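Quick notes on the structure that follows.
Predicted model, so just to flag it, every value in this text is computed and none were measured. Every chain is numbered from 1 and lettered A, B, ... according to where its sequence line falls, protein lines coming before strand lines.
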Amino acid sequence: MEGNVIRAARYPFLPEAREFVSRHIDLSLESLDKTGSEAALKRAVERVKDALILKEVRVTPQHESNYVREMLSFPLAIILVSAISNEYIRRIYSLGESRGAYKRMLRENDETLLFIGERLGVRGIMDNNGFIKISIPTYLNLAYVFHEHRWKLVNRIVDKGYVWVSRTEYARLIQVEVNNYVYEKTLEPIPVTVVPQRLKEAMKTIIETWNKLEESKPSHAISEEAGENPPCISRILKRMEAGENTSHFERLVIATFMIAKGKDIEEIIELFSKQPDYKYNITKYQVEHLSGLRGGGKKYSVPSCRTILANGLCYPDEKCKGVKHPLGYGGRSIGGKPRVS
Amino acid sequence: MVAGVLEASLEFLKREFFKYYYENLDRLVPPGPIGKREFGFFLDKKGGMLRHKCFNNLKDFHEFVLKEIPLDIYVSAARYEDPGNRDMGEKKLIDAELFFDIDAESAALDSDESAWICLKCGKYDYGIKEKCPACGSDIEYLETVNEEQLNKALKETDKLVRILTDDFGINSNSIHVFFSGNRGYHVHVNQEEFLSLTAESRRELVDYLLIQGFEEKKLIEVLRKKSLIINDLKGVIGRIYRRVLDSISSGKNEVVYTKSRLLKYINQAIEELKVRIDPVVTIDTHRLMRMPNSINSNSGMAKRAIELKKLLSFNPLREAVVLGEGEVIVKVKIAPRFKLCGRTFGPFKDEEVELPAYAAAYIVCKGMGEYAGG
């Protein structure tokens, strides 16, 4: 029993943590104002701050031993993030929770790791060699967020409906599921008017932290003009146009995004022309490589929102809500000509 | 689709199609539930597709078919909350069957058998030409359904079905194979766990089948560590691995396996092992699929289900012929030799011939001639 409770405190997104909370505490907004959940609320704020500052929510043995507070702090943190209703905070918080969970999962024994996966719908079966097999649809629904080629189904051992992954990879896939779960939860709208005073104060603390962090960052103000491109892309394009030196990853994002949008190779090369280290031939080679015209014909995919966020390049706006991939920004409109077979 | 045929020809086709649909209505059953599917139709020769159609029940659908006698009938692979909505987003996708399309390649050109038609002046003849000899414009070769190429496509389809069952673990009861009625094969998969795959996930399945994005470097590493013999390596990696080992062992022993040589073997293996599906079809969850047992107006043959057990012995040019045998007259412009129902027809040029309705319909559908009375 004790072990199970600790586990639920360590992974408060598990169904048993939810059950525990709902059995013991009234989570309705009215009662939150009264019950002695002061400590849990404080811890909830800490969770979000951890995510904002460290991009990882830490859970120590001390936290775990105070398991009621710990378990309660998670739904409270969700309420706070939902009520703040800032897309970046939503994303960074879900990333922080999932990253922390990933690190903790790596230290678990096989049984616990498989248990967590199972409870989150990422069922895995361990074989005799310590590898874990999971069903192909489950794998695909999670692994698509990864960019590296080793995650492609074609590069995996596949048999009878299963994909084989290592323990670490399994934990990574569960991390994606945790991220999705937390993010979805924070999308539930909570009107500020119904939020009790104490929670409002907690929200204020979080927003202050976020503002402070924003001030220390280089400016990323994006003009209000509503473009077709997601804000992360617009921002890099602005930087490139201003001749600022962009990182390898930023260039990769731009090139793959423009290729996916069907832009002409020459047009894409032109975008890079103001880079301090610009050389036409090298850029051409690289863009062609990414588009699959060179080197084995691998076409590189556009990194997902998660990867972009993890690289510190996500600056979401309202239209990003629910979007998981830059190409999905603004709602994919498919239609027009009938496509039949 | 029949473009530009004369009114009399269209009436002939509709008459023949009606007869078939009237007698085979019970076979014309779309995948369910019917109320969640979008339908599309080509109703006339002018081209525009009537889509976003939906039906509450089978009876309404059948009534529509008998009333309109569509030239082609399509149904969505997807199920929608609101299939009739004209806005694709507003249709609200529930899920979609996995859908694969394998097309037969065009037959090689032959100076005696190939026929061409000028896209500008309409001149036509047999032989191989670069441009129209009369006006110098671009020409187009007339495509008939080639038995040999269809056979190749059928083998490719068999390859696909094996991977679906062996690698993807799809139950053979959930795999439905069809001859498209003209030049290819369709495979529909309705296994529950695969229905809600997103377009991105479907892309991964496509890359797996086409062996795209494969990391050769890793396999080269494995191959170069000779001590490492992995016989039970599963999936496409295993197949490539074993194929390369075969190439190595059939070569001379003293050959040093340089990276470039291994890479060559790997690429050969990939060419051999990949399944030539049309990637766009599988990735697109909003795709409309030709309706099973409906007539394909590119040939007058029907889209036909094939029993998995009899896959490789399926004879499309016999089993998909569904129109009548009554003789009618067609005025043929040009029609290369073709085979249907075990009979060979043609080659014809500038002649009126009396043919069974199914062969006449074939000529009309291919735009090679016009109906000239029964």
**Q.** Max heavy-atom pair count under 4.5 Å with chain B, selected residue of A/Thr138, A/Asn141, A/Val163
**A.** A/Asn141
**Q.** Contact leader toward chain A among B/His186, B/Arg86, B/Met289, where contacts are heavy-atom pairs under 4.5 Å
**A.** B/His186
Q.
side-chain contact (heavy atoms from CB on, under 4.5 Å) for A/Leu140 and B/Leu205? Distances and angles first, verdict last.
A. CA-CA 9 Å; A/Leu140 292 179; B/Leu205 296 180; 3.7 Å; yes
Q: Identify which of B/Val281, B/Asp101, B/Asp166 forms the greatest number of heavy-atom pairs closer than 4.5 Å to chain A.
A: B/Asp166
Q. In terms of heavy-atom proximity below 4.5 Å to chain A, should B/Lys303 be classed as side chain, backbone, both, or neither?
A. neither
Q. Step by step, would you call A/Lys152 with B/Glu204 a salt bridge (charged side-chain N to carboxylate O under 4.0 Å, His left out)?
A. CA-CA 7 Å; A/Lys152 283 191 74 64; B/Glu204 283 300 303; 2.9 Å; yes
**Q.** Which atoms of A/Tyr139 approach chain B - backbone, side chain, both or neither, heavy atom under 4.5 Å
**A.** neither
Q. If we only count heavy atoms from C-beta on, is the B/Val236 to A/Val154 side-chain gap below 4.5 Å?
A. yes
Q. Which region of B/Phe168, side chain (C-beta onward) or backbone (N, CA, C, O), has a non-hydrogen atom less than 4.5 Å from a non-hydrogen atom of chain A, or is it both or neither?
A. both
Q | Reported NZ-to-CH2 distance for the pair B/Lys234 and A/Trp164, which is rounded to 0.5 angstrom | A | 8.0 Å
**Q.** Part of A/Ile136 within contact of chain B (heavy atom distance under 4.5 Å)
**A.** side chain
Q) Do any N or O atoms from the side chain of A/Asp159 and from the backbone of B/Asp167 form a donor-acceptor pair under 3.5 angstrom? A) no
Q. To the nearest 0.5 Å, how far apart are CG in A/Leu153 and CG in B/Asp207?
A. 9.0 Å
**Q.** Contact origin within A/Arg150 toward chain B - heavy atom pairs under 4.5 Å
**A.** both
Q.
Check this for me: B/Glu143, atom CD, are more than 12 non-hydrogen atoms of other residues, nucleotides or ligands nearer than 6.0 Å?
A. yes
Q) Taking the side chain from A/Asn155 and the backbone from B/Lys218, do they hold a donor-acceptor pair closer than 3.5 Å? A) no
